[in-house]
Number of protein chains: 2
Amino acid sequence: MTSVISLAARANGKTLGTRNSRPGANPVRCHTCAAKINGLCQHSTPGTMASMIQFRSGERAIAAGTDLFSIGKPANAIFTLVSGWAFLYQSLKDSRRQILHFALPGAVLGLLPGQAARAPYGAQALTDCVLCIIPHENLSPLSREVPEIGMRLSWLISHDLHLAFDHLTSVGRRSARERVTHLLLELFVRYRGQWPGNRIDELYLPLTQQHVGDAVGLTAVHVNRILRKLREDGVIEFNYRHLRILDPDKLIDVSGLDPQLVISWVRK
Amino acid sequence: MTSVISLAARANGKTLGTRNSRPGANPVRCHTCAAKINGLCQHSTPGTMASMIQFRSGERAIAAGTDLFSIGKPANAIFTLVSGWAFLYQSLKDSRRQILHFALPGAVLGLLPGQAARAPYGAQALTDCVLCIIPHENLSPLSREVPEIGMRLSWLISHDLHLAFDHLTSVGRRSARERVTHLLLELFVRYRGQWPGNRIDELYLPLTQQHVGDAVGLTAVHVNRILRKLREDGVIEFNYRHLRILDPDKLIDVSGLDPQLVISWVRK
DNA sequence: AGCGCGAGATGACCTCGGTTATATCCCTTG
DNA sequence: CAAGGGATATAACCGAGGTCATCTCGCGCT
């Protein structure tokens, strides 16, 4: 069991989980952080790492099921997801909800367009999470001191933009069956991309069928129907947060994907 | 008639339109460029403008209806839209198409996640366009010489990300009527945001009903039905690329929008 | 071991929006 | 100014996916 699988296994709990990082207190462990592997701090030299640590305001632990930040609330920092899964969402008045993005360790969340003081969407932890916080007002000074950080941030966000575009064509133009397989395949590939060389065909996905539906624009009822069919067809099983790929080739086929493009889901 | 309206009025033509900027040749007119007003070059000092001009490779004129770049083709530069309208799109094998984003003057297009050499989506000109080109390999040097450019780029892209998120909840969770009004209202507001103080209730939108459908995940037939109903209800008229807002309040109501959020569509 | 609740499963019915076909309109080009 | 083609209009029919209601299952808790 890798560390993230065991983390995810605690997902459903109301417990706070590990807190191996007290805000500001203990020595910073940046060299093992997800951000160093595939996020903002990738390719940083020890020197630039030291600068960056100056500009962050600390870390924070978040319990599964709670908001990292909420729609309409003032947001004044960007967050790097050090560990755990989270998702971005919008909700309409009548309880309709759209999940916009699933964030894995190393993701950067909370950069707002312009100087908008209020978050136009919310972020919720799917598992217990640890965040690394950089206040918005530190971004300009930081990018002057570490010039490459601006371009790294641009690339990270444009990666998220690309994912959002893929979701958009999925929701806008694909059938229910295609959408569900597309999403599960995406999450599978992105998850596995974090542990290169992984040959797993099973994984603990901290989502309910309701989450899947809210992400691809379907009802939980219909997601259930689709999943049953996929199980009967021997493509995948997804039950009680446990995803198993039964037939990878069939899965790619059903999702209607260009296999060449799958690799672009992995941030590098 | 403002310059963009007259530009748009030529939209449907196969003609190349004005070319007041020959690649590399004539003196650069950056101080009147859309990018200086609301894009990458906003807030640039004369000094940084001079640096930026060093790193661009020139301008290019594009005819309405042709691609700025195409899906799967190698893409090696970012483009600032100096003038004209364009849209980003993906298409599936069986001719289904999803429009991902409408770009107005000042937009930055073509930044690819990671070093992906191939564009995961295409861009097509809706009207004749003029582009300012910065090769990808110049981005790192540029951001070292003009450190603030990285953060500006990040903000621009995160603005596009925010728009993509809005489209996603629209397509995923809103009714056809809401989607169509939402899109038209968005385009109207973004367009008007480019000419502050504008009090126009009519505008030439260089889109067909097919474009609208492809953007919000509906058929052109159904878009037509919705538009008829909206006309009958005295909300808006949209016919042969001519959009007229009949009742702004009703429009906002029908689209189910939080009026507070409308302003976030305008890039500042 | 047993309880309770959230997640999943499933059937009956209905509606929104897709499909197909055809007609009309408007703008551009010869 | 007439012709032609793309854009729009509209009707008839259909089906994917939503809604509602009810039941079962699995997991965490005591």
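All chains are named by letter (A, B, ...) in the order of the sequence lines, taking the proteins before the strands, and each is independently numbered beginning at 1. None of the values given here were measured: they were computed from a predicted structure.
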note: B:Arg96, atom CZ; C:dG18, atom P; distance rounded to Å ~ 12 Å
Could you please spell out the steps behind the salt bridge (Lys or Arg N to Asp or Glu O under 4.0 Å) verdict for B:Arg177 and B:Asp233? CA-CA 12 Å; B:Arg177 192 175 161 91; B:Asp233 293 350; 2.9 Å; yes
If we count only N and O atoms by modelled type, under 3.5 Å, do the side chains of A:Arg174 and A:Thr169 hold a donor and an acceptor together? yes
Show the distances under 3.5 angstrom between N or O atoms of the protein and N or O atoms of nucleotides 22-24 of chain C.
none

Gap separating the CG atom of A:Asn239 from the CG atom of A:Leu227, nearest 0.5 angstrom: 8.5 Å
Does the side chain of B:Phe102 come within less than 4.5 Å of B:Arg190's, by heavy atoms? yes
Euclidean distance, atom CG of residue B:Leu207 to atom P of D:dT8 [Å, nearest integer]: 10 Å
What stem regions, each of at least 3 consecutive Watson-Crick or G-U pairs below 3.5 Å, can be found for DNA chain C? C:1-30 with D:1-30
Side chains of A:Thr219 and A:His222: is there a donor and an acceptor less than 3.5 Å apart? no
What's the NE2-C1' distance between B:His242 and D:dT8, to the nearest Å? 16 Å
Between the main-chain N or O of A:Ala64 and the side-chain N or O of A:Asp128, is there a donor-acceptor pair closer than 3.5 Å? yes
When rounded to the nearest 0.5 angstrom, what is the spacing between CG in A:Asp214 and CD in A:Gln90? 12.5 Å
Restricting to side-chain contact (heavy atoms from CB on, under 4.5 Å), what partner residues turn up for B:Asn224, sequence neighbours left out? B:Gln209
Ring-plane angle category for B:His101 and A:Phe165, please: parallel below 30°, perpendicular beyond 60°, tilted otherwise. tilted
Nearest-angstrom distance from the residue atom CZ of B:Arg241 to C1' of C:dC26: 10 Å
Taking only residues two or more places apart in sequence or in another chain, which ones pass side-chain contact (heavy atoms from CB on, under 4.5 Å) with A:Gln124? A:Asp67, A:Phe87, A:Tyr89
Is the phosphate of C:dA9 approached by A:Gln209 (side-chain N or O, under 4.0 Å from OP1 or OP2)? yes
From CD of B:Glu232 across to C1' of D:dT8 the rounded distance in Å is 15 Å
Sugar-phosphate atoms are those with a prime plus P, OP1 and OP2; base atoms are the rest. Using that split, label each nucleotide of nucleotides 10-22 of chain D B, S or - for protein heavy atoms under 4.0 Å, 5' to 3'. BBB----BBBB--
Please confirm whether the shortest side-chain N or O distance from B:Asn239 to OP1 or OP2 of C:dC26 is below 4.0 Å. no
Listing, residues 242-249 of chain B side-chain donor-acceptor contacts under 3.5 Å, not counting sequence neighbours, or none:
{"residue": "B:His242", "atom": "NE2", "partner": "B:Glu202", "partner atom": "OE2", "Å": "2.6"}
{"residue": "B:Asp247", "atom": "OD1", "partner": "B:Asp249", "partner atom": "N", "Å": "3.3"}
{"residue": "B:Asp247", "atom": "OD1", "partner": "B:Lys250", "partner atom": "N", "Å": "3.1"}

